[in-house]
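Inspection log for the structure reproduced underneath, given as structure tokens.
What you see is a predicted model; the values in this text were computed from it and never measured.
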Amino acid sequence: MSYRVRFTEEARKDLERLYSFLLEKDLELAAEAVDATEQALTVLKKFPFSCRKAGGGRHGPFLRELIVPFGSAGYVVLFEISGRDTVTILAVRHQRESDFY
């Protein structure tokens, strides 16, 4: 089974913000961050339940987080398994930013 991955408008804005931040510093680094994120998102197409439950499971079994390693920290992708074949990316943040909750 393969899941369809979609993004909310807020999640797209998060990605644009994170990319813009790196783009101001280093074009090559920004491109590497995009590659790392795209590669990590492939996990969601096949194994979304393998990712950790968001908030320690307080929000139910379908709200989860994907860790995207990058550099000394990385990113956290908040997503919801919505339906039998859809994963919805809700938000993306750098690991050093405030938590989602």
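- The two residues Leu66 and Cys51 come nearest to each other via the heavy atoms CD1-SG, 3.7 Å.
- Contact check for Ile67 versus Gln95: side-chain heavy atoms found under the 4.5 Å cut-off.
- In Phe49, the CZ atom is crowded: over 12 heavy atoms of neighbouring residues, nucleotides or ligands sit closer than 6.0 Å.
- Qualifying side-chain hydrogen bond (donor to acceptor under 3.5 Å, both in side chains) partners for Ser72, counting only residues two or more places apart in sequence or in other chains: Arg96.
- The two atoms that bring His94 and Ala73 nearest to each other are CE1-CB, 3.5 Å, heavy atoms only.
- The one candidate from Leu15, Leu44, Thr8 that meets the side chain to side chain contact (heavy atoms under 4.5 Å, CB included) condition with Ile89 is Leu44.
- A distance of 4.5 Å separates CD in Glu65 from CZ in Arg52, rounded to the nearest 0.5 Å.
- Residues passing the side-chain contact (heavy atoms from CB on, under 4.5 Å) test with Ser50, sequence neighbours excluded: Val43, Phe47.
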Could you list the donor-acceptor pairs under 3.5 angstrom formed by side chains in residues 34-42, with sequence neighbours left out?
unit_1	atom_1	unit_2	atom_2	d
Thr37	OG1	Ala33	O	2.9
Thr42	OG1	Gln39	O	2.5

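- Taking the side-chain contact (heavy atoms from CB on, under 4.5 Å) definition, one finds that Glu32 meets it with Glu28, Leu29, Phe70, sequence neighbours left out.
- For Lys45, the side-chain contact (heavy atoms from CB on, under 4.5 Å) partners two or more places apart in sequence, or in a different chain, are Ser2, Val5.
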Pairs of donor and acceptor atoms involving the side chains of residues 75-86, under 3.5 Å and at least two apart or interchain, shall be tabulated with distances.
unit_1	atom_1	unit_2	atom_2	d
Ser82	OG	Thr88	OG1	2.9

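- Interatomic distance, CZ of Arg17 versus CD of Glu10, reported as 12.5 Å (0.5 Å rounding).
- Arg64 and Lys53 get closest at one heavy-atom pair: NH2-CE, 3.6 Å.
- Considering only residues two or more places apart in sequence or on other chains, Arg12 meets the side-chain hydrogen bond (donor to acceptor under 3.5 Å, both in side chains) condition with none of them.
- Smallest separation of non-hydrogen atoms from Ala11 and Ala91: CB-N, 3.9 Å.
- Under the 4.5 Å side-chain contact rule for hydrophobic residues, Tyr19 and Leu90 do not share a cluster.
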